[in-house]
Amino acid sequence: MNAIKLSCILVLTTLTAQLSAKVAYLPLLRHNYDVLIYSPTATELLAVDLENGQRLKKITVGEGAGPVYLSHDDKTLYAAAQYEEKIVVIDTAALEILAVWEQLPVEPRLIFLNSAGDELFFSDNSELYSINLSGEQIELKLSGYNNQGYTWLYNEDLTHLMIYSPTQVDVYHLADMSLKSSFTASLSRGAQLSKSGEVIFSFDDSDDVLTAIDSKNGTPIWTFEPTSDSGLQIAQQDGNWLTVFGFRGTYKINMTSGEGVLSSTYTPYSRALFWAQWHSGIGDNQYLATGGVEMVTVTGWAWLLDHMKLIVASERGEVSYFEPFGDALSAAVPSGRFIGEKLYSIPVVTVNDLWLIFVLIGVVFLVTMSVLLRQNGSLNDSN
C-alpha cells in the first residue's frame with residue numbers, strides 16, 4: 001500500500017510541477033480598422049507560460065493596453081488602458097477582472113506600486129497620481145513636467161523615481177516625494193536605475209560605452225567599454241554584479257569598480273533579432289529576451305513585418321524560443337513588472353507533456369498490480 005501511495009505522490013508532484021513556471025503578461029497588437037489612417041493597437045493582454053510558450057488566456061483591458069504592474073505576491077495584476085484613462089485589477093489565479101478605475105485624471109502611461117504594496121502610482125509623464133488601495137482615494141503627488149520631453153522610471157526596490165530629459169535629471173524619494181537631487185546630464189533614452197536607486201546606468205550608443213553615475217549628484221563613477229562590441233543591455237543586477245548582453249557575448253561587470261569580463265560568447269542577438277530587450281524576473285539566473293516588432297509606415301498607414309519573439313536565456317545559452325501569439329498580429333513589450341509566478345488555477349497539459357503523464361500512469365498501474373499480486377499470493381499461501 002505504501003508503494004501505491006508513493007506512486008500517486010509522484011504523479012501529483014509531476015503534475016504540480018507543470019504549474020510552477022513563470023508567466024509573462026503581454027499586450028497583443030492588432031490593426032485598428034475603425035479609423036481611416038490606422039496602425040496596430042493593443043486592447044488585450046495575453047498570459048504566456050514562459051516554460052513552454054503556451055497561451056493561457058487573453059484578457060480584454062481596453063484601448064492602449066500595455067502599462068502593467070504585478071503585486072509583490074504576484075496575485076494581482078494592475079493593467080492600464082491609457083487611451084481610455086482607466087486601470088483594471090486582474091486576479092492572476094483566475095485571470096479575471098476584479099475591479100476597474102475609470103475616468104482617471106490623466107492617461108496612465110506608467111503604473112507601479114509602492115514598496116508596501118498599498119498604494120498604486122500612475123502617470124502620464126507630466127503628473128503623478130496615486131490610488132490608496134484601501135480607500136481608493138486618488139491624490140496628486142507630483143506635477144510640472146512636459147510629458148513630451150521627459151522619461152519617467154523607478155528602481156526595482158521602489159525607493160526612487162527618476163525623471164529626465166535630454167539635459168536635465170531629477171531624482172525623488174518615493175516614500176515622501178521629496179527631491180533627492182537635480183543636475184544637468186545627458187542620459188541615453190534607455191537609461192536605468194540600480195536596484196537600490198543609488199546608481200544610474202546610461203548607454204552611449206555612439207561610443208558603445210556603459211557609464212555608471214551617482215544619482216545623488218550626477219558624478220560619473222566608472223565606464224565600461226567592451227572591445228569590439230556594441231548593443232549593450234543590462235540583463236540582471238545580482239548583488240554587486242551586472243550581467244550585460246552585447247552583440248558578441250555576455251559580460252559580468254563589478255558594480256563598484258566597473259571592471260568587466262567576457263563571461264560567455266552566447267548572445268540572444270544570434271537570433272538576428274530586429275531589436276531586443278532583456279527582462280529579469282524569471283529566476284534561476286534566467287532572463288527573458290524579447291525581439292521585434294518591426295513595423296513599416298507609409299503615409300500614416302502602418303504594417304507589422306515581423307512577430308515578436310520570446311527567448312528564455314541564461315548567460316550560458318538559450319533555454320527556449322517561441323512565438324505564441326496566434327491570431328494576433330504580434331505582441332508588444334509592456335512597461336512595468338510583467339513577469340510573475342504561474343498562479344492560473346486551471347491546469348493545462350501540452351501535447352509534448354502527454355507522454356510523461358501516460359508513463360507515470362503506467363508506472364502507477366504496474367506498481368499497483370505488483371502490490372495486489374503479492375498480496376493475493378500471500379493470501380493463497382496462508383490458506
Side-chain angles (χ1 to χ4, degrees), residues 18 20-29 40 42 45-56 58 66 68 70 74 156 190 192 201 203 205 210 226 229-238 241-253 262-295 304-342 344 348 350-353:
Q18 305 296 319
S20 64
K22 294 283 186 174
V23 170
Y25 301 91
L26 304 171
L28 290 177
L29 292 174
L45 291 180
L46 174 66
V48 178
D49 188 329
L50 293 180
E51 187 177 52
N52 51 31
Q54 190 169 29
R55 305 167 67 193
L56 299 179
K58 289 185 292 187
V68 300
L70 269 169
D74 294 341
E156 188 174 333
Q192 295 185 34
F201 300 111
F203 302 88
D205 294 332
L210 170 62
D229 203 350
S230 58
L232 298 182
Q233 291 213 37
I234 294 174
Q236 189 177 53
Q237 302 175 43
D238 183 16
W241 293 91
L242 295 177
T243 300
V244 176
F245 285 123
F247 280 116
R248 295 182 180 273
T250 304
Y251 301 86
K252 283 287 189 183
I253 303 174
L262 181 68
S263 60
S264 169
T265 56
Y266 170 74
T267 171
Y269 280 121
S270 61
R271 277 284 187 176
L273 302 178
F274 177 67
W275 56 262
Q277 292 185 1
W278 286 269
H279 314 276
S280 60
I282 299 180
D284 298 326
N285 201 32
Q286 293 183 356
Y287 327 107
L288 177 65
T290 57
V293 175
E294 188 174 4
M295 186 183 301
L304 290 169
L305 300 182
D306 199 4
H307 291 284
M308 187 176 79
K309 293 90 173 172
L310 299 180
I311 301 174
V312 178
S314 72
E315 63 181 276
R316 294 297 175 184
E318 192 168 302
V319 178
S320 57
Y321 170 87
F322 31 76
E323 301 178 56
F325 308 115
D327 56 347
L329 288 170
S330 187
V333 179
S335 60
R337 183 174 184 262
F338 64 96
I339 299 175
E341 292 293 334
K342 182 181 176 183
Y344 190 39
V348 181
T350 65
V351 174
N352 292 333
D353 294 328

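Residue indices begin at 1 and follow the sequence shown. No hydrogens, no waters, no symmetry mates; every other heavy atom, side chains included, goes into these values. These numbers were taken from a predicted model, which means no experiment stands behind them.
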If every non-hydrogen atom of L232 is compared with every non-hydrogen atom of P226, which pair is closest and at what distance? CD1-CD, 3.7 Å
If I take atom CD from residue Q236 and atom CG from residue L242, how far apart are they, to the nearest 0.5 angstrom? 10.0 Å
In Å and rounded to the nearest 0.5 Å, what is the CZ to OG distance from F245 to S264? 8.0 Å
Decide yes or no for T243 and K252: does some side-chain heavy atom of the first lie under 4.5 Å from some side-chain heavy atom of the second? yes
Step by step, would you call Y344 with V23 a side chain to side chain contact (heavy atoms under 4.5 Å, CB included)? CA-CA 9 Å; Y344 190 39; V23 170; over 6 Å; no
Passes side chain to side chain contact (heavy atoms under 4.5 Å, CB included), L26 versus F325? Steps please. CA-CA 10 Å; L26 304 171; F325 308 115; 3.8 Å; yes
Between CG on residue D229 and OG1 on residue T250, distance to nearest 0.5 Å: 9.5 Å
So which atom in A42 and which in P27 form the shortest heavy-atom distance, rounded to 0.1 Å? CB-CB, 3.9 Å
Heavy atoms only: give me the nearest A235-Y287 pair and the separation to one decimal. O-CD2, 3.8 Å
Counting C-beta onward and ignoring hydrogens, is there a side-chain heavy-atom pair between F338 and L288 closer than 4.5 Å? yes
Distance (rounded to the nearest 0.5 Å) between Q192 CD and E156 CD: 10.0 Å
Is there side-chain contact between L310 and P324, with heavy atoms separated by less than 4.5 Å? yes
Taking all non-hydrogen atoms of both residues into account, name the closest pair between L28 and K58 and its distance. CD1-CD, 3.5 Å
Tell me, with the steps shown, if L210 and F201 meet side chain to side chain contact (heavy atoms under 4.5 Å, CB included). CA-CA 7 Å; L210 170 62; F201 300 111; 4.0 Å; yes
Looking only at non-hydrogen atoms, find the nearest pair between R248 and T267 and report the distance. C-CG2, 4.2 Å
Out of the candidates R55, Q54, K22, K342, only one should pair with D49 under the side-chain hydrogen bond (donor to acceptor under 3.5 Å, both in side chains) rule; please name it. K342
Given N52 and F322, is the side chain to side chain contact (heavy atoms under 4.5 Å, CB included) satisfied, shown in steps? CA-CA 8 Å; N52 51 31; F322 31 76; 6.0 Å; no
Derivation and outcome, side-chain hydrogen bond (donor to acceptor under 3.5 Å, both in side chains), residues T290 and K309: CA-CA 6 Å; T290 57; K309 293 90 173 172; over 6 Å; no
Using only atom types and a distance under 3.5 Å, with no angle test, would you say the side chain of S330 pairs donor to acceptor with the backbone of M308? yes
